[in-house]
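Numbers for residues simply follow the sequence, beginning at 1. Remember, it's 1-based here, ligands and their atoms both numbered in the order they're listed.
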Amino acid sequence: MRKILLVLTLFFGLIARAEEGMLIPSLIEAFESDMKAMGMRLSAADIYSVNKSSIKDAIMHFGGGCTAELVSSEGLLLTNHHCGFSQVQSHSSVEKDYLKYGFWAKNHGEELPNPGLTATRIVRIEDVTAAILSGTSGLTDPAAIQQIVNANGKVLLEDAKRGTHYQADIQAFDYGNSYYLMVKEVFLDVRLVGTPPNSIGKFGGDTDNWVWPRHTGDFSVFRVYAGADNKPAAYNTSNVPYKPLHHLPIAFKSRQEGEFTMVYGFPGQTEQHLSSGNLKYLIDQQRPMEIDMRTKSLAVIDEAMKASDKTRIQYAAKQARIANAWKKNIGQIGGLRELDAVGVKEAFEAEYRSRANSKEEWKKYATIVDQMNDLVKTKSTYEYHYTLIIEYLYMGPEYLKLARGIEDLERNYSKYKEAGELESRIATLKKGAEGFFKDYDPKVDKAIFDALTPAFKNYLDPKFSIAELSNEELSKNIYSKSILVSKERYLAFLDKLTDKTLKKLSKDPGYTYFKQCWTLYQTDILPGAIAFSKDMDSLLKIYVEGKKVMFPDVKQWPDANSTLRITYGKLEGSAPTDGMAYTSHTTLKGIIAKNQTGNPDFELLPRMQELYDSKDYGDYAQDGELWVCFTGSNHTTGGNSGSPVLNADGHLMGLNFDRSWESTMSDFLFDPARCRNIVVDIRYVLWVMDKYAGAKHLVDEMTLVR
Ligand code: ARG
Ligand code: ASP
């Protein structure tokens with residue numbers, strides 16, 4: 001019964017499920033009445049318009065991976081602390097420890113430039129499906145179709161950019177069922193204005209990552225600069241703050257449980273259409289293997305980080321990278337299992353099949369699900385090994401990463417030499433080595449190698465077997481002799497590189513082992529993995545088309561693909577597991593309580609306790625409490641970090657930065673009962689700026705709506 005109910009809920013919308021979906025802004029009109037029924041007071045044109053300024057103009061893609069939003073007429077830009085983290089880190093040193101103490105520019109002159117960082121505004125989004133596919137009807141050969149699509153795309157892009165300073169690209173949606181043109185304005189001068197200390201911006205660390213209740217002040221502040229003509233310009237001291245078409249007013253009003261919320265941003269990737277067999281493979285095989293590999297390396301790294309301060313700093317970023325997806329994946333398969341997601345999919349597939357068989361013109365969809373499930377049975381082994389070897393080569397023993405640069409040099413040695421590029425290539429490798437070895441400890445790496453190599457080989461299908469040596473011998477040889485685990489040996493090798501010494505590589509135990517893995521990856525695994533995903537995408541294209549045709553009553557939305565989207569829901573808590581209910585917001589009290597646990601992830605600087613003791617909340621509090629974070633039933637994913645969470649009037653309530661553990665399954669299946677996004681309340685953000693950091697001038701720049 002529960003399963004039937006779930007199928008109905010998740011696929012037929014019989015029970016309120018307005019929250020699922022990441023919608024294309026230019027098509028938002030179709031959802032306007034639904035959004036209004038949930039309390040929204042905006043029109044579709046307020047949200048997205050090409051003829052007048054709209055909320056869209058305040059949303060920016062931050063550095064390609066996160067979202068940010070403009071909050072003043074002077075180009076002030078907010079994003080997450082974890083999104084601006086590498087910029088903050090790059091400006092930090094032992095003398096100027098912005099990570100530990102925060103940083104606040106007192107005036108424009110103190111704002112710090114960030115070479116390479118961009119902020120992108122979407123000028124317009126256009127459905128170009130017909131134009132892209134023109135001339136392809138009747139063709140069946142995917143390569144021939146692709147050729148025409150590429151040629152059409154080139155013309156469209158040229159037309160879109162002509163006579164402007166804009167950039168443009170075209171992206172396939174729904175596996176090629178539609179294509180959209182995105183015209184963009186890319187700003188090149190984005191300066192750091194301020195950041196709270198880690199003890200606020202990363203409060204809770206990995207303990208609280210993907211967890212509710214949450215108390216992280218996950219924000220940082222930037223400013224977009226432009227040329228005198230208000231157009232993008234490369235960094236220059238003569239640049240001036242960008243004057244946006246729209247900036248978000250700040251929702252200062254009291255919040256209410258159940259009020260309308262909307263998230264506007266750039267979600268990265270979802271896979272809602274995976275077939276039951278594919279999802280089962282993921283839950284039972286792929287994810288557990290990935291989790292196991294990471295559990296093993298994290299055990300080594302965590303131990304080493306605890307034992308030495310030096311290692312703790314060296315491995316902080318790597319540890320966080322490995323742990324973030326590790327923790328997410330555990331939550332994900334937990335949720336998918338609990339809700340019997342595979343059963344839910346199977347039930348839907350049965351309905352899909354039976355509808356397909358009910359009409360002559362739908363017959364072409366009748367076997368598509370079975371074809372997808374069969375493909376998983378016959379070919380997912382390549383995908384599996386691809387995931388495995390990527391885990392090993394890119395997240396495992398780090399010397400293997402260094403080896404990739406040498407592999408490139410060895411393979412192209414003559415070519416680089418002839419082109420006179422050899423010296424610059426070597427210089428680049430040497431420069432890379434400085435950064436690499438700064439954060440590298442061969443003892444830790446050996447321990448990672450020893451933990452992961454047996455697991456890696458166990459997971460390998462015998463037909464892919466490598467290395468005759470025992471793992472112990474291998475490890476001993478590599479870590480005592482290889483040039484790739486010692487900065488001195490590595491630099492000496494590069495310094496003295498000649499045609500002759502290059503040959504030494506074939507005797508280096510580290511390099512020869514890497515080469516075996518690399519060859520396995522490139523020749524035996526990668527082509528099969530690419531073919532698997534191409535074949536699956538072709539099937540998915542037909543499957544999605546069938547879903548649209550045969551289930552017109554179901555809310556349809558294209559999987560996330562790092563393009564601008566809108567998702568809406570409510571400010572609400574959840575009851576994700578039996579016997580447990582989450583309230584919908586947290587307060588400063590909780591920060592102090594977590595601090596008292598003694599866990600270093602909850603360490604504070606003294607100022608926070610002082611402000612708490614004096615209850616100096618200004619007018620940032622609600623009913624005497626300072627809200628820190630809240631949750632909403634908005635469908636978000638990676639890339640939505642930094643996204644504005646807007647109220648019914650389009651005013652900024654807070655910054656999206658995470659999801660609760662139980663909701664991470666939403667990349668595959670959105671369950672409105674448990675899936676919640678986590679938001680840092682803008683009133684807490686402003687309180688930190690004003691009361692904690694003494695940067696009230698930034699608050700004064702904004703438009704507060706009381
Ligand atoms: N879970 C957040 C999202 O995937 C990242 C939060 C960063 N914080 C951390 N402690 N690693 O990206
Ligand atoms: N923390 C994620 C991000 O950085 C957001 C999420 O996965 O919910 O985009």
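Salt bridge absent: K318 and D439 never bring a charged side-chain N and a carboxylate O closer than 4.0 Å. Under a 4.0 Å N-O distance rule, the pair E572/R676 qualifies as a salt bridge.
Partner of H585 under the ring pair (Phe, Tyr, Trp, His ring centres under 6.0 Å) criterion, out of W212, F630, W627, Y684: W627 alone.
Counting heavy atoms under 4.0 Å from ligand 2, residue N80 does not touch it at all. At a 4.0 Å heavy-atom cut-off, ligand 2 touches H82 through the side chain alone. When non-hydrogen atoms are compared, ligand 2 lies under 4.0 Å from neither the backbone nor the side chain of N677.
Looking at atom 6 (C) of ligand 1, its nearest protein heavy atom turns out to be N209 OD1, 3.3 Å. Ranking protein heavy atoms by distance to atom 7 (O) of ligand 2, first place goes to R659 NH2, 2.8 Å. Considering only non-hydrogen protein atoms, atom 2 (C) of ligand 1 sits nearest to D658 OD1, 3.4 Å. The closest protein non-hydrogen atom to atom 10 (N) of ligand 1 is G205 O, 3.3 Å.
Between the NE2 atom of H61 and the SG atom of C66 there is a distance of 8.0 Å, given to the nearest 0.5 Å. Going from atom CG of D681 over to atom CG of L652 covers 9.0 Å, rounded to the nearest 0.5 Å.
Heavy-atom proximity to N640, at under 4.0 Å, picks out these atoms of ligand 2: 9 (O). Of all atoms in ligand 2, listed by their number and element, those nearer than 4.0 Å to a heavy atom of G639 are 3 (C), 9 (O). Interface of D658 with ligand 2, defined as ligand atoms under 4.0 Å from a residue heavy atom, comprises 1 (N), 8 (O).
In terms of polar-atom proximity, W210 is not counted as a contact of ligand 2, lacking any N or O under 3.5 Å from an N or O of the ligand. Polar contact check, T636 against ligand 2: no nitrogen or oxygen pair lies under 3.5 Å apart. Checked against a 3.5 angstrom limit, the closest N/O atoms of C66 and ligand 2 fall outside it. When only interatomic distances are considered, the shortest N/O to N/O separation between D218 and ligand 1 does not fall below 3.5 Å. Considering backbone and side-chain atoms together, S641 places no N or O closer than 3.5 Å to any N or O of ligand 1.
Remark: side-chain polar atoms of Y101 are not paired, donor with acceptor, to backbone N or O of L605 under 3.5 angstrom. For S308 (side chain) and K310 (main-chain N/O), a donor-acceptor pair under 3.5 Å exists by modelled atom type.
Using cut-offs of 30° and 60° on the angle between ring planes, the pair H635 and W557 is perpendicular.
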Applying ring-ring contact (aromatic ring centres under 6.0 Å, His included), run through Y98 and H91 and close with a yes or a no. CA-CA 7 Å; Y98 300 149; H91 295 297; 7.2 Å; no
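Of the listed residues (S663, S641, G638), the one carrying the non-hydrogen atom nearest atom 3 (C) of ligand 2 is S641.
In this structure, D218 and H81 approach most closely via the heavy-atom pair OD1-N, 2.7 Å.
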